[in-house]
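Notes for the one structure printed next.
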Amino acid sequence: MKTKLTVAAVALGAGLLSVAAQAQAQALRVGLREDADILDPTLARTYVGRIVFASLCDKLFDIDDKLAIVPQLATGYTWEDPKTLRIALRPNVVFHDGEKMDAEAVRYSLNRHLTMQGSFRRGEINTMDSIEVVDPLTVRVRLKVPSAPFLSQLTDRAGMIVSPKAAEAAGKDFGQKPVCAGPFRFVERVAQDRIVVERFPEYWDAAHIHLNRITYLPIPDSSVRLANLQSGALDIVEIAPSDLSTVSGNNRVRIVQRDDLGYQSIAYNLGNGPRADTPFGRDPRIREAFELAIDRDALNQVVFEGLMTPTAQPIPPASPFHDAATKPAARDLARAQALLKEAGVTLPMTVEMTVPTNPELRQAAEVIQAMVKEAGFDLKIVAQEFASSLQAAQRGEFQTYMIAWSGRPDPDGNTWAFLHSRGAQNDGKAADPEVDRLLDAAREENDPARRLALYAQVWPIALGKNRMRMFLWHRKIIVAHNARLQGFTLLPDGIIRPQSLRLN
Amino acid sequence: MLRWLLKRVGQILPTLLILSVLIFALQQLMPGDPAVILAGEERGDAQVLAEIRAELMLDRPVWQQYLAWLGRVLVGDFGFSWRIRMPVAQLILEKLPVTLQLGLMAFVIAVIIGVPAGVISAVWRDKPADWAANGLALAGISMPNFWLGIMMILLFSVQLGWLPPSGYVSLAEDWRQSLATTIMPAFVLGTGIAGVLMRHTRAAMLSALSQDYVRTARAKGVAPAWVILRHALRNALIPVVTLGTIELGRLLAGAVLTEQIFTIPGFGKLIVDAVFNRDYPVVQGVVLATALIFVLLSLLADLLYMAINPRLRTS
């Protein structure tokens, strides 16, 4: 009898231990490349912040592998007319504080994004005129003008629904303890050290959540992030292209990579202050010569070992709006020299390029410098700390500027702000009425085929005839994770989503 | 004595005040509009930028910003971080123990290595032991922290798997893990200072060993080890202690590169990130806190001198 009891006790103990070990084992550690900013979806703006939000705050919609819009907190939508969007909501969803996620909460959250002081979401959804509750599980959004990108904004932070009760109580401090309806709830944050979230048992899609806890650790140095992964201190990290060769032979590490949604480009100052008033800024033939002297493939091979995807347009290949006909032109020095001669400039022609301080960008700039020299350009590289370079660009204190964009799922997010004459990130003030008209029309067009055709008309004018900006390459997102981690898929936005992840 | 102390404490306030003006003025020279930097990729909306400027008082003249900040600091409110909206005082209190622990550990390592090495090389001057100690000191001084750091991570964490490669666990949470996470950065920091301490100890010891009282002690037949430790080293330590205090102060101001590599969330990392993000309240708060630590350390040093040397008490 005594023996039986002992055996039972030992078995029970072992069982408990294995359960505890299992729980311990399902704790994921994610390495981030910097510390996230404030964890309030209305006020947040960093890319790494979006990775943390993926576990904390569900959105009305999400994107899938092909950038199609799929439901998350919503179950579907219909356009009642081009300016009226009806969204059906998922029943039985609760926030981390136990409050109900319903039409009233959606109305509250979207209005908060639109009207809160300092909201970074306003620019994304400012086409919204009003939102009304139809019934507890339906809202109707009225837009000021038809807007094709509006729905895709709801797949990111503008579509995150917060608990109205918690948001009202916390006000501007909501980000210190965010309360949303995501699969994990907030536990603690130590600035620059860690952000910890734990599994939310009442999550509406709990069947797809296998992890118990996620710790996000900001580690700015890519090599150190990688060392943490190799030693087992981290489970999943984003790494720099230069570190790829270090891990490719390691069988305990898995590598996943794909093109991101953004691009690296060279912005030209065409109309922002006196620095635009140069032959380079005035004459598109000179800019064409500059572009023809650059061999994007060679640049990619030399600096990135062929990892990036050379491009000549802002829309990534993963997008259905990518125009296959707009390809990078082959390097043509003879034509470049002929164009410069035709423009009647004296050689060598001095051009200044502002480059944010970053070793890889700097290297790319030096390769470009050597390439355009052969055509007759004397490219001067001005290295500037990123924050300072942004301000200089806005003030027009640049001639050309190497600037990247992280990208958005909808093509409007990669084009309008950069090529439209009123675009807020059009630092060089490039302007063409026909480009404006086409971009506006594409923004209001809901039919994908007609929209694709509109964008296909933009490129020959904006990039071919006017040379408003040069697009160089789509960047690669490279995620490395240890072999124990199962169920990871990398979507085009590069965000690590906790759904389906499991540690073996 | 009391009057001296009051006078000394009275000097602290104006020092900090002048410093706070300096921090504010220097910040104005930094290029980059904080509102634009805060906005980052979302800098497109002019209205949002205007709202941020209004909320953070960036649209007011500098002197108004300064007075508003000073007024709040005087009642103990350091404001909040613009980037993550956490109170600056909380950030400083969070980071202070981390930097304190790392700094003290590095200091202990530096003393354990530096002082004996200095003594050995002075006693066995121009002998192989001296050369070896000098070589080590030179290596310690000249090896860049970030290189040594990465090499140690690769060896002890990736290859051998003995130590965690980065991060920090507090002493209260788990003291063993805490030591494991801080020993590598403390060693990296400590070796640099050990080299400096070694060179100074060596010079001071050489001068002490040639003094009359050492010769007298030897002539009296005192044991050689006793002469070195009790008579020579004790006197030689005075300049070393002065130097050590300065180095300790520097350690407590945060070790920027080392903290960055080992991802130790201390003062150094806090201030570097704050500068790059133009998070002015954090920069102001941390610089002020660091300055206060320095001033208090120097006050402490003065008090210690007086405790040791009675002649100073009357002057």
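Proteins get letters first, then strands, A, B, ... in listed order; numbering begins at 1 in each.
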Full working for salt bridge (Lys or Arg N to Asp or Glu O under 4.0 Å) between Glu385(A) and Arg278(B): CA-CA 12 Å; Glu385(A) 178 230 5; Arg278(B) 303 293 189 272; 2.8 Å; yes
Atom group of Glu34(A) that falls short of 4.5 Å from chain B, counting heavy atoms: side chain
Distance in Å, Leu154(B) CG paired with Gln230(A) CD, rounded so as to fall on 0.5 Å steps: 8.0 Å
Proximity breakdown for Arg121(A) and chain B, heavy-atom pairs closer than 4.5 Å: side chain
Any donor-acceptor N or O pair under 3.5 Å, side chains Gln192(A), Asp273(B): yes
Contact origin within Arg194(A) toward chain B - heavy atom pairs under 4.5 Å: side chain
Thr46(A), part contacting chain B, at a heavy-atom distance under 4.5 Å: side chain
Side chain / backbone / both / neither for Asn250(A) at chain B, heavy atoms under 4.5 Å: neither
Residue part contacting chain B, namely of Ala417(A), when any heavy atom lies under 4.5 Å: neither
Structural part of Ala44(A) lying under 4.5 Å from a heavy atom of chain B: neither
Which portion of Ile219(A) sits near chain B, non-hydrogen atoms under 4.5 angstrom: both
Which atom of Pro265(B) lies closest to which atom of Ala191(A), heavy atoms considered: CB-O, 4.2 Å
Residues, nucleotides or ligands: over 12 heavy atoms within 6.0 Å of Arg72(B) CZ: yes
Under 4.5 Å from any heavy atom of chain B - which part of Gln117(A): both
